[in-house]
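Each remark here refers to the structure printed beneath this line.
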Amino acid sequence: MTREYTIKVPASSANIGPGFDVLGIGLNLYLTLHIKINPNSTTKEPLLTYTGEGSHNVPLEPEKNLVTAVALYVLRANNVSDFPHGTQIHVQNPIPLGRGLGSSGSAIVAGSLLGNVLGGFGFSRQRCLDYCLMIEKHPDNITASMMGGFVGSFLRKLNDSEINVVGLPLSKILPQHGATEQLPSPQAPKDLGTHVKYNWNHNIKCIAIIPQFEVSTEKSRAVLPANYSKSDVIFNLQRLAVLTNAVGQQGKPNSELIYNAMQDKLHQPYRKVLIPGLTEILTEFTPQTHPGLLGICLSGAGPTILCLADSNFDDISKAIIQRFKKENVECKWLLLEPAYEGALVEEGSKL
Ligand SMILES: Nc1ncnc2c1ncn2[C@@H]1O[C@H](COP(=O)(O)OP(=O)(O)OP(=O)(O)O)[C@@H](O)[C@H]1O
Ligand SMILES: N[C@@H](CCO)C(=O)O
């Protein structure tokens, strides 16, 4: 019998200022997969189609595309060598690539859920997250996309053999396109990720100001220092502790508290070399200069700017877009809110 599924995975914003590699918010912009499996089909290769952001350059070969490569990894790690015959997958992607809105995290989460569905493994979301953590080693984006809401997360302490497995390069985890012989796919250790969901005041919306150029996460991590001073680490820890509570307080959000708690010394100052006007924008836009603004930070590895706000969304966005124009950077903007539920798998599809 033909089986059909839809997988919906939220975008995400990581760090939220002080929570580098720790905090993430799932956002209501969804990478969607429509899947149809016709077991009577004789077609061996899956048919992958794709619309939306990245449609001009995302590869469609199943072993090269990030979504299907991760699905294949999950299948192979569980002794299923290939996609079921007659698999069709249509990807609809509204998440801009390489902009700090967690496109790769969403693609990895979608891939692990796809592998779970195709293999009929019945894994929990927590278990699917283990496979995601094998691919993207920092948990902030993938945990927010998988679990939804405003989350804090870490990787648990690993023993020596687990360190060797989790530390494998991607070339030893993901299938290699065109390889004559595939290496065995390493099994993901269990319960790698630990997370908590914080409260969120539903009056707080997320404005994403998205520059029209990409910054790869790899490049944006390469500009960070290898070590930090004790005072900078303490600066962030203090704000992180306050921020996780401040945005969950009910009633009128406290803009002074949130704005100050979103300051960071661990990544944003170093990333200014990749994003024209970053330092100026982060300091010039405050709740005093722009009423309604609650806090401002770099979204993930950038270049998107994330503003938390409870009113005047249009004015705040247009003012930041104007400021970026001075640096010859064009932007678009989106008004988003947390995707409280996280990733969803439903029976039925539009294929
Ligand atoms: N839907 C998708 N399908 C296939 N590949 C994707 C998809 N989304 C993202 N990717 C891959 O991930 C890359 C972008 O990942 P990268 O980590 O650099 O940025 P990001 O995830 O958008 O931002 P950030 O991690 O800062 O939030 C793309 O260039 C592409 O290779
Ligand atoms: N915490 C990550 C998020 C981007 O993947 C970073 O800032 O590099």
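As the structure lists them, so they are numbered: ligands from 1, and atoms in each ligand from 1.
- In summary, Glu341 and Arg125 do not engage in a salt bridge, as defined by a charged side-chain N under 4.0 Å from a carboxylate O.
- Atom OH of Tyr270 and atom CD of Gln268 lie 12.0 Å apart (nearest 0.5 Å).
- In Leu101, the part holding a heavy atom less than 4.0 Å from any atom of ligand 1 is the backbone.
- Contact annotation for atom 31 (O) of ligand 1: protein absent (non-hydrogen atoms, distance under 4.0 Å).
- A donor-acceptor pair is defined here as one N or O able to donate and one able to accept, closer than 3.5 Å; such a pair exists between the side chain of Asn201 and the backbone of Gln249.
- Nearest protein heavy-atom contact of atom 10 (N) of ligand 1 is Leu66 CD2, 4.0 Å.
- Counting heavy atoms closer than 4.0 Å to ligand 2, residue Glu136 contributes nothing at all.
- Contact of the Ile281 side chain with the Arg323 side chain is registered, since non-hydrogen atoms from C-beta on lie closer than 4.5 Å.
- Between Asn141 and ligand 2, at least one N/O pair is under 3.5 Å apart.
- Among protein heavy atoms, atom 16 (P) of ligand 1 sits closest to Thr217 OG1, 3.3 Å.
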Could you walk me through whether Leu23 and Thr244 pass the side chain to side chain contact (heavy atoms under 4.5 Å, CB included) check?
-> CA-CA 9 Å; Leu23 295 181; Thr244 51; 3.9 Å; yes

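- One finds no salt bridge joining Arg127 and Asp191 here, because no Lys/Arg side-chain nitrogen approaches an Asp/Glu carboxylate oxygen to under 4.0 Å.
- The shortest contact between atom 7 (C) of ligand 1 and any protein heavy atom is with Ala107 CB, 3.7 Å.
- At a 4.0 Å heavy-atom cut-off, ligand 2 touches Asp140 through the side chain alone.
- Salt bridge present: Asp21 and Arg221 bring a charged side-chain N and a carboxylate O closer than 4.0 Å.
- Within the 4.0 Å heavy-atom cutoff, Gly98 counts among the residues contacting ligand 1.
- At under 3.5 Å, not a single nitrogen or oxygen of Leu97, backbone or side chain, sits near a nitrogen or oxygen of ligand 1.
- Under a 4.0 Å N-O distance rule, the pair Arg156/Glu162 qualifies as a salt bridge.
- In summary, the side chains of Gln187 and Asn78 do present a donor paired with an acceptor at a separation below 3.5 Å, with no hydrogens or angles considered.
- Leu294 is listed as a side-chain neighbour of Asp310, based on a closest heavy-atom distance under 4.5 Å.
- On a distance-only criterion, Glu218 and ligand 1 share no N/O pair closer than 3.5 Å.
- Close contacts between ligand 2 and Asn15 involve ligand atoms 1 (N), 6 (C), 7 (O) [criterion: under 4.0 Å to a heavy atom].
- Atoms CE and CG, from Met146 and Leu129 in turn, are 5.0 Å apart once rounded to the nearest 0.5 Å.
- In terms of protein heavy-atom proximity, atom 1 (N) of ligand 1 is closest to Tyr50 OH, 3.2 Å.
- For atom 6 (C) of ligand 2, the nearest protein heavy atom (residue, atom name, distance) is Arg221 NH1, 3.2 Å.
- Taking a 4.0 Å cut-off on heavy atoms, Arg271 registers as neighbouring ligand 2.
- When hydrogens are left out, the protein atom nearest atom 22 (O) of ligand 1 is Ser103 OG, 2.6 Å; that is the closest non-hydrogen contact.
- For ligand 1, the atoms sitting less than 4.0 Å from at least one non-hydrogen atom of Arg99 are 22 (O), numbered in the order shown with element in parentheses.
- For atom 12 (O) of ligand 1, the closest non-hydrogen atom on the protein side is Ser104 CB, 3.5 Å.
- The nearest protein atom to atom 26 (O) of ligand 1, hydrogens excluded, is given as Ala301 N, 3.0 Å; this is a heavy-atom distance.
- Which parts of ligand 1 touch Asn141 is read off a 4.0 Å heavy-atom cut-off, strictly below it: atoms 25 (O), 27 (O).
- Looking at Asn312, its side chain does come within 3.5 Å of a backbone N or O of Pro291 through a donor-acceptor pair.
- With hydrogens left out, the protein atom closest to atom 5 (O) of ligand 2 is His138 NE2, 2.9 Å, a heavy atom.
- Checked by distance only, ligand 1 and Val91 stay at 3.5 Å or farther apart across all their nitrogen or oxygen atoms.
- In terms of N/O distances under 3.5 Å, ligand 1 is approached by Gly102.
- Remark: ligand 1 and Glu136 share no N or O pair separated by less than 3.5 Å (distance only, no angle test).
- Under the side chain to side chain contact (heavy atoms under 4.5 Å, CB included) test applied with Pro303, the options Ile210, Leu278, Val215 reduce to a single match, Val215.
- Here Lys36 does not pair with Glu347 in a salt bridge; the nearest charged N to carboxylate O distance is not below 4.0 Å.
- At the top of the distance list for atom 4 (C) of ligand 1, counting protein heavy atoms only, stands Val58 CG1, 3.7 Å.
- Of all atoms in ligand 1, numbered sequentially from 1 with element shown, those under 4.0 Å from a heavy atom of Ser216 are 18 (O).
- Taking the six-membered ring for Trp and the full ring otherwise, His202 and Tyr340 have centroids separated by under 6.0 Å.
- Atom CG of Leu308 and atom CG of Leu306 lie 5.0 Å apart (nearest 0.5 Å).
- Looking at His267 next to ligand 2, no N or O pair under 3.5 Å apart turns up.
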